[in-house]
Amino acid sequence: MIYFDKVSKVYAGTTALHDITLTIEPKEFVSLVGHSGAGKTTLLKMILVEERPTRGSVFFESLALNKLSKKDINKVRRRIGTVFQDFRLLPNMTAYENIAFAMEASGRADEEIHTDVPHVLELVDLTEKADNFPHQLSGGEKQRVAIARAIVNQPDIIIADEPTGNLDPISTYEIVQILKKINDLGTTVILTTHNKGVVESVGGRVITMDNGKIARDDKHGKYAL
Amino acid sequence: MKIFKFAPLIRKSFMIWTKVKRIARSGFVNFWRNGFVSLSAVLVMIVTLFTIGSVVFLGAILSSTLQSLKDKVDINVYFVTSAPEEDILAIQEKIEALPEVKSVEYVSREQALENFKERHKDEQLTLQALEELDENPLGANLNIKANDPSHYESIAGFLESDNVLSGAGARIVDNVNFSRNRLAIDRLSKIIDSADKVGFGVSILLIVLSIIITFNTIRLTLYISRDEISVMQLVGASYRYIRGPFVISGVMYGFVAGIITLILFYPLTYWFREVSENFLAGFNLFEYYIANFGQMFLLIAGAGIVVGGISSYLAVRRYLKL
């Protein structure tokens with residue numbers, strides 16, 4: 001589903017990614033671990049076309065992301081749900097509107113929005129907070145809104161960059177359970193984390209990165225740093 | 001069924017309508033929820049639009065004042081008391097034929113006497129002295145107005161050429177007062193000229209400056225939203241879909257600022273009329289504003305909408321990376 005072919009990324013002299021070749025299959029739950037600066041986030045940015053490789057190619061199914069025109073980037077992003085450590089919600093929109101925005105941006109009809117948004121809000125157990133603004137929500141609640149937003153367009157893949165980095169253990173547990181549930185329903189999930197407990201409770205494939213290279217790639221790996 | 005052929009087209013135009021509706025709605029919501037940011041943008045835009053409006057008013061005041069000054073400049077040809085009226089009228093006709101001349105007014109001897117009495121009605125002594133005379137001591141005169149102050153020179157030249165003013169041999173002209181006014185007339189033409197140029201230059205400068213300030217303010221308001229813009233991009237919103245609401249908000253800043261400016265001008269021009277009545281030669285700014293309200297509305301609100309919209313459009317572009 002995602003395929004990196006000898007991808008390197010150089011930022012002003014420093015090499016963030018070094019000759020990465022990697023395949024991610026559909027319905028996989030991949031945990032990406034490694035020290036800060038190991039290249040995890042750069043790797044994810046390649047999939048989101050936030051960054052383009054200096055050398056090599058990135059494919060999303062048969063689509064060459066490194067050759068994608070600016071205009072078509074948003075079409076790829078609609079097929080990818082994103083969750084970040086800092087939540088990245090739109091501050092002037094309520095929880096409901098944040099989720100609805102992702103659907104509106106993809107050009108979905110109003111009727112769909114009216115049925116789907118309450119549905120995903122229920123899925124992340126936030127029905128009561130639908131009309132709250134982000135600043136009125138706790139960290140865990142914000143992250144659940146972000147996940148709801150990520151899944152509402154039924155993406156092919158969910159990218160979660162340190163989603164539990166700012167959360168307490170209970171919220172962390174909840175978020176991991178939700179991500180596992182999404183994966184069970186057939187969506188590919190790529191998760192980066194520093195949290196050993198998270199990796200172990202997920203229990204899927206673990207890719208360990210170090211210095212812009214893939215140090216280990218274990219089918220049923222453990223957190224090993 | 002033919003309708004099926006059009007179904008995709010109908011669906012597409014329906015989609016466009018939905019998008020327009022959503023963009024407009026979130027533009028309004030942005031404006032409202034970012035209350036403080038909107039307020040500051042509106043305030044800055046009021047300054048801009050106020051400057052533009054003031055330039056228009058200043059232009060109107062200047063041109064009306066200059067007009068009334070110009071109207072005061074003239075050339076008088078005084079005739080001797082024995083000049084026959086038909087000769088004077090013949091000369092009037094000749095002068096009126098000149099392209100530079102706007103009007104020639106004939107003041108008869110009787111009229112001149114009336115004017116004199118009117119002007120000196122509080123001076124008993126002068127009037128008494130006048131009574132003493134058997135005959136009207138005043139001659140008739142022609143009052144000449146040119147289309148433009150710079151034309152007086154050539155009109156005077158024309159009058160000075162002998163054959164014009166020397167009716168049927170005998171000299172009937174007493175005096176032409178142009179030479180006496182000449183210095184004042186020349187100076188006035190120059191002042192009028194440079195006031196026009198300087199005024200225009202300063203106006204353009206002020207307008208450009210205030211537009212730049214507005215542009216920067218709107219860029220700052222969008223700088224606050226730059227994270228928001230990148231989130232929208234990550235969620236898969238197209239450029240147009242992101243830009244639309246910001247442009248709508250910009251247009252709203254301009255429109256609201258325009259309305260407030262137009263309202264502010266109402267008491268201000270009224271007040272200005274009170275203070276300026278004495279030295280503005282009867283020019284009424286308030287009436288001018290009311291009479292030209294339609295044009296002022298289009299200018300101020302239009303300028304607000306255009307400046308606000310374009311500023312937002314350009315500013316969002318800056319923060320739409322990738």
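Just so it is clear, the structure is predicted and the values come from calculations on it, not from any experiment.
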With a 4.5 angstrom heavy-atom cut-off, is it the side chain or the backbone of [X] that approaches chain B, or both, or neither?
| X | result |
| --- | --- |
| A:L68 | neither |
| A:A109 | backbone |
| A:R149 | side chain |

- Message: The test is side chain to side chain contact (heavy atoms under 4.5 Å, CB included); show your working for B:Y266 and B:I290 and say whether it passes.
- Response: CA-CA 8 Å; B:Y266 193 82; B:I290 300 299; 3.6 Å; yes
- Query: Which is it for B:Y239 and A:K70 under the side chain to side chain contact (heavy atoms under 4.5 Å, CB included) test, yes or no, and what are the steps along the way?
  - Reply: CA-CA 10 Å; B:Y239 286 141; A:K70 274 185 162 194; 3.9 Å; yes
- Message: Can you confirm whether B:R240 is buried at CZ, in the sense that more than 12 heavy atoms of other residues, nucleotides or ligands lie under 6.0 Å from that atom?
- Response: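 Result for CZ/B:R240: open.
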- Message: Rounded at 0.5 Å granularity, tell me how far OG in B:S249 sits from CH2 in B:W32.
- Response: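 B:S249 OG to B:W32 CH2: 13.5 Å, rounded to 0.5 Å.
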- Is the closest basic N to carboxylate O distance between A:K40 and A:D161 below 4.0 Å?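 The answer is no: the pair does not qualify as a salt bridge.
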- Query: Per the ring pair (Phe, Tyr, Trp, His ring centres under 6.0 Å) rule, which among B:F57, B:F265, B:Y270 passes with B:F286?
  - Reply: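 The residue from B:F57, B:F265, B:Y270 that satisfies ring pair (Phe, Tyr, Trp, His ring centres under 6.0 Å) with B:F286 turns out to be B:Y270.
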- Message: Checking an interface table here. Which of residues 82-98 of chain A come within a heavy-atom distance under 4.5 Å of chain B?
- Response: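 Answer by number: A:T82, A:F84, A:R88, A:L90, A:P91, A:N92, A:M93, A:T94, A:E97.
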- Going by residue number, which parts of residues 126-139 of chain A are within reach of chain B, meaning a heavy-atom gap below 4.5 Å?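 Residues in range: A:F133.
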- Task: Say whether B:D227 and B:S230, considering side chains only, have a donor N or O and an acceptor N or O under 3.5 Å apart.
- Result: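 Their side chains do not contain a donor-acceptor pair, so the 3.5 Å distance test is not met.
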- Task: Check whether the side chains of B:T48 and B:T214 place a donor and an acceptor atom closer than 3.5 Å, and report yes or no.
- Result: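 Short answer, yes.
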- Is the ring centre of B:Y289 less than 6.0 Å from the ring centre of B:F293?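 Yes, close enough.
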- Query: Does B:F31 have its ring centroid less than 6.0 Å away from the ring centroid of B:Y253?
  - Reply: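 Yes, the ring centres sit under 6.0 Å apart.
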- Would you say A:R78's side chain and A:A105's backbone share a donor-acceptor pair under 3.5 angstrom?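 Confirmed, A:R78 side chain pairs with A:A105 backbone.
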- Side chain, backbone, both or neither of B:T18 within contact of chain A (heavy atoms, under 4.5 Å):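 Only the side chain of B:T18 comes within 4.5 Å of chain A.
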